Amino acid sequence: MAKHEDRKKKKQAQRDAELCARALRRGQVLEVIALGPDVVASVDRLVIAKMFAQELATARRQADSATLGRLVGAWETGAVELALLGEDEATACRWALLGPSLHGKRLDVAAQLAAALRPALSIHAPALVPWIDSAIANDGHVPATATAGLPRLPDVGEPQSLPAPAWLLGSDATAAELGDAVLAGSVLLPPRLFGEHIASHLSRIAVASRAAHAAAAMPAVTLRLREAAAAREAEATAACIGIVVALHGHHADPDALALALRSIHVLDLQASKGHRGSVEALIEAAWSEPQTHALAGVAFESLHPRGSNDGTQRCWAERLADRMLQRVPSPAIWAHAFSCWSESKDGSLCYEPPEFLESAYVAMVHSGALAAWLADTDDRRRGELVHELVALPWQAFVALVEQLWDRVGPLEHGWLAEMVTECLQLPEAPSTPTPRSGRPITVAALLERISRFLATLDEAPPEQLLMVVASLAAMPPGNHVPAQLVAAFEPLLEANEPRAYGGAHGKRFGPAQRGFIDRVGLRIVPYSPDLLHMVLHEPDVLRDGVRWVDAYLAGGATNDEMIAVADMIWDHGWRHLATHIEAQIDLRAGRSTEDLAALVRKLGTGRGRPAALVARLSARLLDAAAVAEHKPWRDASIDPVALAIARRRAPKPGRARSSGTASRGGGEGTRAAGSKPTTAKTRRATKTPAAAKPAAAKPAAAKPAAAKRVRAKVTTPAVAIAAATPASLPTACVDEPTARVDEPTARVDEPAARIDEPAARIDEPAARIDRPTASQLALRLAPETP
Amino acid sequence: MTSMTTSVENPFTVLGIAATLDPAEVKRAYFAALPRHPPHADPQGFRRIRDAYEALQGEGLRAAHLRAPLSVSAGTGTADLLAARAAAVARSQARGATTAGVAAFERLLSLDWSAVIARHCAT
């Protein structure tokens, strides 16, 4: 029996040896170990140790639980220990087998392993010793008390070398696990590293689950942000703002954005430019959210308040505004950015606004958003902004005024009209560059410019200029003029180049300008005499000028304004308008004696005006005054106060004005026949008193009796009214004899030709003037004479 | 951001309310504070609450809301969150300790075969 047993053992040993040899040949060290300690002991220790170390390292790396489980079983037999060379390798092996033994509920093996590990753990990870003991004592489960009591180990190096809490979670972790990890990580990790780990985790997981993970992480982040902002920790706040924005990208959370916006004030962006990136991203994200849109706008304005002189900050704010406007166009943000730019340019006209400001402006004007916003903003801000807008493309400004006109109060129409008139003076199409010195210009072009210049001259052109013109005319028109010659002419000719309205030749409106004028011009013109002046230069508009003049006068034009318009019309010889404006003056004069007196006074001063009109109004004034003497003032519609003042100012009997005054006054009311529309030069040139002309003196000599009669009545109260108006009434009728004698000449010579008055009217002034003759006047006024 | 620093008194604090974007709440707080600072009896106090109220009108409300200091306790559900965080921190510390210990321990246990051979040859 014993022999049989021996033989059996021998055979088994032979078989094991064969299996061992085969396993060694195949590199299957686990098969060798499984054969038992005797077989392992028979193998060269270095060979088996090498093979085992490689196998163990692979199993640990791959977390190969099957292999580790087999090793745990082999460890019980002691075969594993035989395959290890030294204590370090033995500790490594025991550590690798501890986990699988706990998971496999092989607590006795785990206890043996723990006991063997205890010396090494006591040195390097003492906190784990009670943790392992607790796990063994609790059937492989570690109680919470043991886990919570674990302190952080100081000997693991810097926190940065640690995996983040998220590292604990694989890509298959749930959102709840991430939320828990983020809660802990927000406290345990430095803020910036904390953010990096969250971003890293989100990038690792599937896109579909990112929103849920972000939502789970957001509460922890906002709590940390709130703490950091309350404690005014700039670094932590900036990091948390960055995390909030990153999480918001996966899961929209306006409340978190609002909180982040409220924490911006903790950051000192001027001192730390690194925070700007976070803040920019935050404002952009909040700007796109309807709930935080307005708050983001306020935050943006607070970041770069108006009046700030920090250029770097301004550039940064402009870039941000650009991006914000690209996302959501906003008049408020645009206006803020634009005002900042306007303040920064510091009066420099050549400083072009950023392109995005212009493009956004045009877009918002087209959409009507800017006008709507301006209408709702306060008057002062609106006024400031609109005055700055002139620096931007005028086409958009004109369109803006058109949209804004009905939205603002009438008090603002005045300055809006002035500004739009300024814009309309700009050429619609980009002007062709004026030839400058050195640029080639043809003979024909130069001759054309010179001829334009000559047309504006009142006097004969200088001889030298004519000689130059003659020489140029002899040259082929297509030839280029020498640059020096062009340069010599430029200062002379440039002033006469057609530019905007008011230039020597005027300039037609472009289609856009004309469209604007057709649409809203009649509404604006009551507020802008310049606009009236401009539009009347447009031939098409001039044909319909009566409407424009009426529109202007209907806006409550004063006497001065009405007479200014009349002067313009008379100066330009617009005959149909002249008739109309005189009728308007007549009409206004009929309202009250006061109006009449003011008009007569205005018309009689300063410059030559149609004598017929002046005489007619003067006579009407005299009539009114005379009637007032006989009737109660209420019936005569005479202002008793004005009359009393006039009486008090009236000259005493026997101190009537000299005829020299009348001559001068009469002269002012005249104008040489055939004179051109007046320019400043021509007006100066035609100021020769009419009384000096021989033709004017003749009628005066022919009627001495009448002259005497009227002179005797000079001191009547009615005349006193006229005398109280300096140099006005006397012109035509008050200082009668000479004035009346001069009158026909003045009327013949003057505006009749320009305003197309019929010849009959020119030739018979006394009959056409609707006023009493001198004798009638004398009779009417006689009772009042002392 | 110097312009945004709260150099002046926070108007929400003056009116005794938490920072809000609700104008009605501001108005209620102002009228609630008025009887405590009648203009004839306490002109300075009245001026103070009046200034605060005016600072919170229109766009000023948003600006003041942005400048208002944040407080941790003001958040909704903050108490629960704080408790949850404390627990999570404890758990994380445990995991961290374990992990840290394991990491440190395993660093020591890394099997460097060349070192093993060298050590064996030496023996």
Side-chain angles (χ1 to χ4, degrees), chain A residues 46 49-50 53-54 56-57 85-86 88-89 91-92 95-96 120-121 124-125 127-128 131 146-153 155-156 162-163 165 168 180-181 183-188 219-220 222-223 226-227 229-230 259 261-265 267-270 294-295 298-299 302-303 305 308, chain B residues 1-6 19 21 58-78 80-113 115-117 119-121 123:
Chain A
L46 182 60
K50 179 181 176 184
Q54 286 174 340
L56 183 64
L85 273 180
D88 287 349
E89 288 75 18
T91 309
W95 178 250
L121 280 172
H124 300 293
L128 286 178
W131 187 88
T147 306
L150 285 174
R152 297 198 68 193
L153 299 177
D155 55 348
V156 291
L162 263 182
L168 291 169
D180 192 66
L183 269 174
S186 65
V187 174
L188 297 175
T222 51
L223 178 64
R226 194 180 280 276
E227 286 175 335
L259 181 70
L261 285 172
R262 289 184 58 191
S263 63
I264 292 178
H265 69 271
L267 309 178
D268 188 350
L269 296 178
Q270 286 170 340
L295 210 56
V298 176
S302 308
L303 287 175
S308 164
Chain B
M1 280 305 294
T2 6
S3 60
M4 286 190 72
T5 51
T6 50
L21 284 172
E59 284 297 308
L61 179 60
R62 286 202 186 94
H65 186 259
L66 280 179
R67 284 195 301 267
L70 286 164
S71 88
V72 179
S73 58
T76 312
T78 305
D80 294 341
L81 204 57
L82 283 170
R85 189 173 71 179
V89 166
R91 284 192 295 275
S92 180
Q93 279 180 333
R95 280 195 298 269
T98 306
T99 308
V102 168
F105 192 59
E106 290 197 347
R107 238 180 355 253
L108 296 171
L109 304 180
S110 60
L111 294 178
D112 182 355
W113 183 238
V116 170
I117 298 297
R119 201 178 305 125
H120 178 72
C121 292
T123 56

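Keep in mind it's a predicted model, so treat the numbers as computed, not measured. Each chain gets a letter, A, B and so on, in the order its sequence line appears, and its residues count up from 1.
- In terms of heavy atoms, B/L70 sits closest to A/A230 at O-CB, 3.2 Å.
- Both the backbone and the side chain of B/A84 come within less than 4.5 Å of a heavy atom in chain A.
- In this structure B/L61 satisfies the side-chain contact (heavy atoms from CB on, under 4.5 Å) test together with B/F12, B/P23, B/V26, B/L56, sequence neighbours excluded.
- The two residues A/H265 and B/P69 have their closest heavy-atom pair at NE2-CA, 4.2 Å.
- A distance of 6.5 Å separates CD of A/E227 from CG of B/L82, quoted to the nearest 0.5 Å.
- For A/V298, the side-chain contact (heavy atoms from CB on, under 4.5 Å) partners two or more places apart in sequence, or in a different chain, are A/S302, B/E59, B/R62, B/A63, B/L66.
- Closest non-hydrogen pair, A/L183 versus B/R85, comes out as O-CG, 3.2 Å.
- A donor-acceptor pair is defined here as one N or O able to donate and one able to accept, closer than 3.5 Å; such a pair exists between the side chain of A/R262 and the backbone of B/H65.
- Across every non-hydrogen atom of B/A88 and A/A184, the tightest pair is O-CB, 3.3 Å.
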